[in-house]
There are 4 protein chains.
Amino acid sequence: MSALADAVELSLESMGRAPLQGRSKASLERMLATARTLMVERGNEDFTLQEVSSRGKVSIGSIYLRFENKDSLVRAVLYRATQTLAQEEDTMQAALAASCATLKEFVPHYVEAYSEVLRRNAPLLRLTMMRAEHDPPISALGKRAALLAESKALAAFMRYRDEIAGPDPEMCAKAAHHIIFATLARQLSLGSSSESVTNYDWNVLKRELGRMCTAYFAAV
Amino acid sequence: MSALADAVELSLESMGRAPLQGRSKASLERMLATARTLMVERGNEDFTLQEVSSRGKVSIGSIYLRFENKDSLVRAVLYRATQTLAQEEDTMQAALAASCATLKEFVPHYVEAYSEVLRRNAPLLRLTMMRAEHDPPISALGKRAALLAESKALAAFMRYRDEIAGPDPEMCAKAAHHIIFATLARQLSLGSSSESVTNYDWNVLKRELGRMCTAYFAAV
Amino acid sequence: MSALADAVELSLESMGRAPLQGRSKASLERMLATARTLMVERGNEDFTLQEVSSRGKVSIGSIYLRFENKDSLVRAVLYRATQTLAQEEDTMQAALAASCATLKEFVPHYVEAYSEVLRRNAPLLRLTMMRAEHDPPISALGKRAALLAESKALAAFMRYRDEIAGPDPEMCAKAAHHIIFATLARQLSLGSSSESVTNYDWNVLKRELGRMCTAYFAAV
Amino acid sequence: MSALADAVELSLESMGRAPLQGRSKASLERMLATARTLMVERGNEDFTLQEVSSRGKVSIGSIYLRFENKDSLVRAVLYRATQTLAQEEDTMQAALAASCATLKEFVPHYVEAYSEVLRRNAPLLRLTMMRAEHDPPISALGKRAALLAESKALAAFMRYRDEIAGPDPEMCAKAAHHIIFATLARQLSLGSSSESVTNYDWNVLKRELGRMCTAYFAAV
DNA sequence: TATGAATGAGTATTCATTCAT
DNA sequence: GATGAATGAATACTCATTCAT
């Protein structure tokens with residue numbers, strides 16, 4: 001996690017210019033917040049700097065004082081979002097660490113908590129994944145974040161190593177992580193634009209996802 | 001499937017104008033094929049009609065004769081792609097229908113075959129999912145296709161109803177379908193831009209996905 | 001001269017796209033005329049395409065239909081001007097060819113006629129020379145035109161080869177050409193923005209320039 | 001020359017504000033030197049004050065403390081350059097004054113020495129002439145400098161008044177000056193961007209320019 | 001029907017100038 | 001006096017859409 005934080009800090013520094021304070025800091029925050037809002041509303045690049053300027057009460061010149069170009073601004077928003085997600089994952093893992101005695105108890109709590117973290121970060125996670133498709137720096141960021149998330153999940157499952165029946169517990173933990181993440185991410189991505197996926201379905205799916213993993217870990 | 005076909009036909013008719021023949025038909029096909037190629041190369045809207053015109057040997061005027069605007073052309077490509085995917089799902093299900101005696105035997109074959117169908121259709125499936133984010137007609141199309149796919153998967157699993165241990169086999173089948181689809185779709189989407197997901201990992205994941213579902217179905 | 005004409009035609013074709021007729025031709029002419037006027041008024045690049053559009057009753061899109069970018073438009077104006085100057089030099093030389101029996105008679109007529117040609121073309125000649133400073137294609141054009149002008153002048157003087165006293169008549173003719181051209185060009189360039197160079201001075205200078213060359217040719 | 005110096009001083013005072021000392025003086029010098037370098041590199045106005053600020057270690061604010069606007073800075077550079085050229089002309093004339101017994105001996109030395117002075121000052125002389133085209137104050141400066149140079153050249157030639165054959169030696173001297181200056185200036189301006197004007201040609205031209213003037217002065 | 005030349009609104013980016021500190 | 005962050009008007013260029021032929 002500090003690896004990602006470092007990478008992100010580095011990137012933000014390299015796009016912006018220097019550690020800022022006071023009015024400058026506030027102005028930078030307004031840029032980023034406005035850009036983020038617009039990106040969520042309309043898509044990664046489907047906003048104009050004119051809009052950031054007027055909505056965010058920041059002059060166009062100021063934007064170019066902090067960012068080399070529009071792409072840099074977009075990337076900075078995604079870098080921040082990725083950092084936030086990573087931090088929330090950390091917090092979530094820490095909170096879960098002490099609370100469950102057995103794997104069977106842990107798995108549903110984990111699914112529930114992770115789903116909540118992803119739900120909160122879904123809009124920007126989606127934007128990051130979309131942008132990664134065509135933007136190498138964001139693709140690299142996404143991969144770093146994914147590997148980090150994987151290692152964190154692995155560590156969590158490995159605390160219950162003895163309860164995993166198969167001959168290769170690490171592999172099982174890795175598979176479970178991928179399947180859980182994919183399922184949650186997929187449902188959330190549909191969720192945003194779909195009313196057909198009701199709360200009921202969603203809760204059922206989370207429960208069954210937990211049951212499936214538990215059965216998997218228990219199977220020889 | 002015929003439900004989707006009907007919907008797609010309807011939509012295509014409403015954007016295009018009339019049943020076409022001969023040269024007109026060929027010209028329409030060139031438009032759609034060229035647009036599809038460009039969309040895959042660069043993204044849903046990141047191509048110009050000028051390019052479709054020159055690459056596809058179609059005049060700009062004739063594009064506007066068949067489609068109300070650029071969005072209609074993009075949508076037509078996605079409608080067709082969705083239809084193609086649905087047909088391949090049908091073919092795949094039909095091929096699998098007779099070949100497996102037990103659920104335990106069926107599941108890994110199903111995962112493998114479905115993954116192959118999705119791999120073939122990944123580029124346009126990805127475009128459809130991205131566009132759905134901000135385009136209601138495509139969002140609706142996606143939902144129809146997802147429901148259709150769900151019902152087809154359900155029917156397949158239900159052939160082995162007796163082998164599903166839980167009290168609600170339908171719910172289990174539904175959950176399994178969502179988890180399988182989400183996992184496969186997610187891996188394929190990463191796959192396009194990621195070399196880190198090697199064939200080995202991918203094959204391992206598919207195998208474990210099968211094992212997980214099998215364990216799930218077997219669990220009480 | 002046909003060498004320059006060819007080069008210019010080639011260049012114009014490569015910037016514009018095809019032989020045009022009727023309305024297209026007229027529209028292209030308006031672009032070039034408007035750009036030329038603005039360039040003379042304000043300098044090579046100190047005009048906006050918006051101005052060309054509104055003053056010339058041409059849409060901005062039309063300009064980009066004929067020219068790759070603003071630089072291409074500027075260059076096309078200078079290419080045309082260079083071609084015009086070369087043609088007027090030809091015409092002038094042809095008119096002078098038969099009319100003078102001796103070198104002493106020819107020189108002042110030549111100075112007078114050349115000065116008139118340069119006066120007519122001074123504004124665009126000046127623009128071409130200024131642009132050549134920083135624009136390789138225009139620099140190359142300028143050199144081609146200068147060499148062509150030199151060879152034409154040389155041929156004219158050589159008709160009176162026997163009247164040139166020195167041991168190397170060609171060299172003398174070349175030197176005379178350079179000195180005549182430089183002097184006339186310099187006066188004209190000052191002339192445009194200077195009222196201090198009165199007609200009287202100008203006429204005196206031309207007369208003396210003739211006398212100087214005549215004395216030079218006569219000297220051993 | 002003192003006339004020009006006065007004019008230039010006046011102008012510099014009117015753009016700058018007060019007689020400066022120490023750090024202020026050094027800072028002003030850095031501004032002017034940096035601006036001059038950039039102007040020579042890229043053209044009269046093709047540099048940014050940001051560049052002057054960073055390259056010259058001068059704050060943007062302090063530029064505006066000394067100069068009303070960017071144009072004033074550009075003009076100050078050209079004023080200084082013009083002053084320098086005038087001083088070098090003076091030095092050159094003084095050095096030549098005693099050394100030649102006859103006009104025939106003087107002329108080639110004069111051409112050679114003047115050509116050297118112009119060569120050294122060519123870049124900024126060119127910038128001054130280009131700017132004069134569209135900037136009245138610089139046009140006025142150029143005219144003052146030209147008249148001054150003319151009067152200095154006249155005085156030099158007049159020392160050999162008896163060797164000029166024609167009925168109006170002053171007029172001949174004036175004509176010779178204009179022709180010499182024009183020819184040298186033209187070759188130097190071409191020289192910067194042209195490799196076709198070789199040293200050989202250039203030396204030949206200077207020699208022939210001398211011969212031409214000598215023949216002219218000797219002719220009745 | 002079919003064509004493709006013409007249109008012009010829309011947008012990222014630059015940079016002289018100001019002014020709060 | 002001195003600084004340099006902030007401002008925003010200005011401008012080249014793109015491309016969906018129209019319409020005369």
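The figures that follow rest on heavy atoms only: side chains count, while hydrogens, waters and symmetry mates do not. Just so it is clear: chains get the letters A, B, ... in the order the sequence lines come, proteins before strands, and each one is counted from 1.
As rounded to whole Å, 10 Å separates atom C1' of F/dA16 from atom CG of B/D71. When the P atom of F/dA12 is taken as reference, atom CD1 of C/I63 falls 10 Å away, rounded to whole Å. Distance C/L73 CG to F/dT11 P: 16 Å, rounded to the nearest Å. Rounding to whole angstrom units, CG of residue A/L38 and P of E/dA12 are separated by 11 Å. Note: CG (C/L49) to P (F/dT11) measures 10 Å, nearest angstrom. Nucleotide E/dA2 holds its C1' atom 17 Å from the NZ atom of B/K57, rounded to whole Å. Taking atom OH of residue A/Y64 and atom P of nucleotide E/dT14, one finds them 7 Å apart after rounding to whole Å. Straight-line distance from the CZ atom of B/F67 to the P atom of F/dT17: 13 Å, rounded to whole Å.
A donor-acceptor pair under 3.5 Å links the side-chain atoms of B/R30 to the main chain of B/G56, judged by distance alone. In this structure, the side chain of D/K70 engages the main chain of D/E45 through a donor-acceptor pair within 3.5 Å. Remark: side-chain polar atoms of C/S53 are not paired, donor with acceptor, to backbone N or O of C/L49 under 3.5 angstrom.
In secondary-structure terms, DNA chain E builds stems of at least 3 consecutive Watson-Crick or G-U pairs, each pair having both distances under 3.5 Å, at E:2-21 with F:2-21.
Under the rule for a side chain to side chain donor-acceptor pair (under 3.5 Å), the partners of A/N69 that lie at least two apart in sequence or sit in another chain are A/S72. When the side chain to side chain donor-acceptor pair (under 3.5 Å) test is applied to B/Q50, no partner is found at least two apart in sequence or on another chain. B/R55 meets the salt bridge (charged side-chain N to carboxylate O under 4.0 Å, His left out) test with B/E41; sequence neighbours excluded. Contacts of B/R42 classified as side chain to side chain donor-acceptor pair (under 3.5 Å), with partners at least two apart in sequence or in another chain: B/E51.
The nearest heavy atom of DNA chain F to B/N69 and to C/E45 marks one nucleotide each, and the one closer to the 5' end goes with C/E45. The residue among D/F47 and A/K70 whose nearest nucleotide of DNA chain E lies closer to the 5′ end is A/K70.
At a threshold of 4.0 Å, the pair A/E29-A/R80 counts as salt-bridged, since one of the basic side-chain nitrogens sits closer than that to a carboxylate oxygen.
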Quick test: give all pairs of protein nitrogen or oxygen and nucleotides 3-6 of chain E nitrogen or oxygen below 3.5 Å, distance rounded to 0.1 Å.
residue: E/dT3; atom: OP2; partner: B/S59; partner atom: OG; Å: 2.9
residue: E/dT3; atom: O5'; partner: B/S59; partner atom: OG; Å: 3.3
residue: E/dG4; atom: N7; partner: B/G61; partner atom: N; Å: 3.0
residue: E/dA6; atom: OP1; partner: C/S24; partner atom: OG; Å: 2.9
residue: E/dA6; atom: OP1; partner: C/R66; partner atom: NH2; Å: 2.9
residue: E/dA6; atom: OP2; partner: C/R66; partner atom: NH2; Å: 2.4

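Of the options C/F47, C/F67, C/Y79, a side chain to side chain contact (heavy atoms under 4.5 Å, CB included) to C/V74 is made by C/F47 and by none of the others.
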